[in-house]
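Presented below is the structure to which this report refers.
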Amino acid sequence: MGIKEQIEKLRDELHKHNHRYYIEDAPVISDYEFDMLLKELENLESLHPEYAHPNSPTSRVGGNVTKSFSSVNHRYPMLSLSNTYSLEEIQEWILRVEKSVSNVSFVCELKYDGVAIGIRYENGEMVQAVTRGDGTQGDDITNNVRTIKSVPLRLNNGFPEDFEIRGEIVMPHKAFEALNERREAQDLPKFANPRNCASGTLKLQDSSEVATRGLDAYLYYVLPEGVLSSSHAASIQAARELGFKVPLKEDRFIAQCAGLDQIMDFIGHWEEKRKTLPFDIDGIVIKVDDYESQQELGFTAKSPRWATAYKFKAERVPTQLNSITYQVGRTGAITPVANLEPVWLGGTTVKRASLHNSDQIELLDLYEKDVVFVEKGGEIIPKVVAVDRAKRTPNAEQVIFIEKCPECSTPLERKEGEAQHYCPNIDHCPPQLCGRIEHFISRKAMDLAGMGAETVQLLVNKEFIRNSADLYSLSFDRLIELEGFKEKSVQNILDGIQESKKIPFERVLFALGIRHVGSTVAKLLAKHFKSMYTLAQASIEEIVNVEGIGEVIAGEVYRFFREEKNAAILDALVEAGLQMEVQEDLISTVSSPITNAKIVVSGVFEHFKRSELKEVIEKHGAQNVSSISSKTSYIVAGEGMGPAKLKKAQSLGIRILSEQEFIALLGL
Ligand code: IVH
């Protein structure tokens with residue numbers, strides 16, 4: 001046998017053993033024997049680089065470094081799924097589908113909580129793996145996906161010449177916990193949950209690091225439809241034969257369901273059993289099985305009509321309150337945080353949860369050492385939602401909100417009508433100093449890449465900086481003095497500072513961190529006043545006159561510019577060369593039928609992404625608002641606007657524009 005044949009034979013064997021181990025869970029050789037075969041192959045490949053192949057089993061260990069992931073157009077858009085938390089709405093969806101398609105049958109699957117991926121195969125070889133991205137374009141993360149052992153690099157016979165399979169890359173709990181333990185030991189920040197961890201891992205430049213992290217993949221969608229079989233369930237079965245790790249009937253990860261009862265059964269089963277799974281799921285996906293029926297139902301702009309997802313409600317678990325810490329934000333706002341007896345919730349160990357403010361503590365009727373219920377909403381930080389009073393110890397003391405700042409001991413203040421307490425020691429309270437600078441450098445503001453919270457804290461501690469303007473007088477010679485700072489990181493910081501001078505005016509305004517001036521308000525002000533100078537000169541009345549700005553905001557803005565120390569910071573920022581005026585193209589020159597209107601955008605659209613639609617609205621001199629009120633001028637309603645919104649709009653007599661009507665109104 002020649003070298004080439006020998007290499008091929010080894011590769012073949014190793015692919016088969018890999019499949020037996022990671023997909024069938026039935027290895028026939030020991031790990032040691034596997035490693036020996038792999039070593040042999042590695043040896044031959046290094047002696048004969050002319051026979052190298054990207055899909056060789058040796059690529060599983062990684063080694064490729066991707067400097068930046070290139071963007072790839074998806075052949076088929078990568079859509080999302082409509083979803084609901086309500087079983088009633090699932091029932092309605094089933095009835096709707098049954099009405100529009102005769103003899104329809106369904107497939108239920110787990111809704112994997114991971115990172116969506118599309119993997120292309122040509123002639124049985126994996127050629128490319130791409131993330132969802134914006135649905136049209138994603139990142140090419142092929143090298144990283146090659147290291148995931150359950151993704152076949154080469155398929156068994158019977159494959160179509162060119163096709164794509166999609167699925168979800170997940171981080172199993174065991175791998176997640178192990179990684180976080182390693183990171184803790186190395187003093188690295190831990191991942192908040194397995195999904196973030198999977199997503200962070202896939203974006204690593206070094207694929208050999210990816211290889212160590214234990215990612216797994218479940219594949220659930222073959223494209224083009226019909227390339228393997230005439231129905232979804234049959235295609236998944238066929239994909240299994242080709243060597244893919246697909247959801248199995250035996251595990252009840254997938255089931256064909258005739259109708260409502262069987263679907264509800266499947267949902268009920270996993271609602272209860274999901275905690276026993278070795279990875280996270282966040283719901284159940286229900287799909288129409290056969291492709292012809294799928295085609296009849298078609299797609300909306302955003303998601304297929306032939307599938308929907310039932311999402312599990314946030315899980316709630318009891319645990320004990322150990323203590324409360326009070327955090328001080330950049331504005332001086334005090335946030336109470338509950339320190340809890342660690343408890344497993346939705347894929348992570350929870351040790352802390354938000355208590356929001358003193359009203360919330362009162363509302364919960366919280367006592368020291370109470371048993372509390374914790375829930376995870378959409379956000380990463382869990383919250384305390386209730387107290388188990390029956391478990392309260394007899395002599396427990398009620399939790400009383402602090403009166404002094406935990407960082408600088410200044411007596412706290414609370415303004416009329418506000419829920420939050422504040423530390424008024426704006427100039428010297430350390431977390432306020434750092435917080436303001438951290439806000440200034442954040443991505444949505446000045447985007448000072450190369451710098452993070454720790455660097456800011458260090459620079460403040462060392463008294464290199466006291467405010468954002470001081471950043472612009474940092475020099476290479478000073479920064480290089482700092483412990484742990486190498487030439488490259490110092491240069492990165494300085495480059496970031498230099499680059500930030502190009503950031504447009506409205507973001508500079510946002511970066512200043514004026515209370516209540518978020519990025520939307522900053523845009524409104526920038527558009528109206530056009531320069532920092534005119535805004536700084538404006539009276540309260542002039543500021544209130546801007547559409548969308550109320551008295552509270554106007555008051556804060558007015559006060560901000562009248563404080564001497566702010567004026568000094570601003571002078572220094574002007575001196576540093578930051579953008580203090582609007583660039584012309586931001587100023588809307590179009591006079592349009594919607595000038596000054598307040599518009600709510602709801603649902604999904606055929607011709608625009610929501611962000612595009614909002615941009616059009618702004619360009620035509622109107623303002624995007626997020627909730628419907630009597631002040632709303634129009635609602636632009638796309639597919640899937642919720643019934644509650646519709647009712648509210650109708651009751652307030654607000655004009656609802658369809659996408660077509662909106663286009664016609666503006667003559668687009
Ligand atoms: S099918 C055209 N099946 O959930 C849509 N998606 O929130 C095809 N997901 O975009 C998707 N488990 O990333 C499908 N069994 C499953 C899934 C699943 C998780 C993800 C997928 C999807 C997202 C929607």
Side-chain angles (χ1 to χ4, degrees), residues 74-85 89-90 93 97 106-119 129-139 141 145 150 163-172 193-196 198-199 202 215-228 231-233 235-237 239-240 244-249 251-257 263 266-267 269-270 274 277 279-291 293-295 297-312 347 378 604 639-640:
H74 289 296
R75 282 196 179 174
Y76 316 92
M78 215 157 174
L79 301 172
S80 58
L81 288 169
S82 61
N83 67 66
T84 171
Y85 288 92
E89 283 186 19
I90 291 292
W93 179 83
V97 168
F106 299 91
V107 174
C108 283
E109 283 171 18
L110 305 182
K111 186 166 172 350
Y112 302 93
D113 196 9
V115 179
I117 189 81
I119 314 176
V130 182
T131 61
R132 176 206 303 283
D134 63 4
T136 313
Q137 267 189 345
D139 284 343
I141 54 166
V145 173
S150 50
F163 75 105
E164 180 170 337
I165 192 158
R166 289 184 180 167
E168 208 83 355
I169 294 178
V170 298
M171 176 68 77
N193 57 46
R195 178 167 31 81
N196 285 3
S199 148
L202 288 168
L215 289 170
D216 201 352
Y218 283 91
L219 300 158
Y220 48 64
Y221 190 19
V222 182
L223 279 161
E225 280 107 346
V227 74
L228 290 184
S231 80
H232 171 61
S235 302
I236 293 298
Q237 186 55 35
R240 185 185 182 186
F244 290 106
K245 181 160 181 174
V246 297
L248 298 182
K249 279 189 215 155
D251 298 329
R252 222 173 162 190
F253 284 10
I254 184 169
Q256 276 171 291
C257 297
I263 293 173
F266 189 89
I267 292 177
H269 173 80
W270 285 113
R274 70 170 157 135
L277 286 167
F279 49 80
D280 279 352
I281 60 171
D282 60 344
I284 297 298
V285 182
I286 307 145
K287 299 174 181 171
V288 165
D289 190 17
D290 104 317
Y291 290 135
S293 310
Q294 284 191 4
Q295 226 168 18
L297 289 158
F299 293 84
T300 70
K302 209 177 126 191
S303 53
R305 288 201 186 84
W306 46 260
T308 195
Y310 171 72
K311 297 247 283 185
F312 295 133
V604 289
E639 185 99 22

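When a ligand or atom number is given, it counts from 1 through the structure's own listing order.
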NZ/NE/NH1/NH2 to OD/OE distance under 4.0 Å, Lys287 and Glu109: yes

Pairing residues for Phe244 by the ring-ring contact (aromatic ring centres under 6.0 Å, His included) criterion, not counting sequence neighbours: Tyr121

Main-chain N/O of Val107 paired with Asp289 side-chain donor or acceptor, under 3.5 Å: no

Ring centroid separation Tyr85 to Phe312 under 6.0 Å: no

Put together the list of close N/O pairs, under 3.5 Å, between ligand 1 and the protein, could you?
{"residue": "ligand 1", "atom": "3 (N)", "partner": "Lys287", "partner atom": "NZ", "Å": "3.0"}
{"residue": "ligand 1", "atom": "4 (O)", "partner": "Lys111", "partner atom": "NZ", "Å": "3.1"}
{"residue": "ligand 1", "atom": "6 (N)", "partner": "Tyr220", "partner atom": "OH", "Å": "3.4"}
{"residue": "ligand 1", "atom": "7 (O)", "partner": "Lys111", "partner atom": "NZ", "Å": "2.9"}
{"residue": "ligand 1", "atom": "9 (N)", "partner": "Tyr220", "partner atom": "OH", "Å": "3.3"}
{"residue": "ligand 1", "atom": "10 (O)", "partner": "Leu79", "partner atom": "O", "Å": "3.3"}
{"residue": "ligand 1", "atom": "10 (O)", "partner": "Arg132", "partner atom": "NH2", "Å": "2.8"}
{"residue": "ligand 1", "atom": "12 (N)", "partner": "Tyr112", "partner atom": "N", "Å": "3.0"}
{"residue": "ligand 1", "atom": "13 (O)", "partner": "Arg132", "partner atom": "NH2", "Å": "3.1"}
{"residue": "ligand 1", "atom": "13 (O)", "partner": "Glu168", "partner atom": "OE1", "Å": "3.0"}
{"residue": "ligand 1", "atom": "13 (O)", "partner": "Tyr220", "partner atom": "OH", "Å": "3.3"}
{"residue": "ligand 1", "atom": "15 (N)", "partner": "Glu109", "partner atom": "OE1", "Å": "2.7"}
{"residue": "ligand 1", "atom": "15 (N)", "partner": "Leu110", "partner atom": "O", "Å": "2.9"}

Residues forming a ring-ring contact (aromatic ring centres under 6.0 Å, His included) with Phe106, sequence neighbours excluded: Trp93

With Asp113 via salt bridge (charged side-chain N to carboxylate O under 4.0 Å, His left out) - residues at least two apart: Arg195

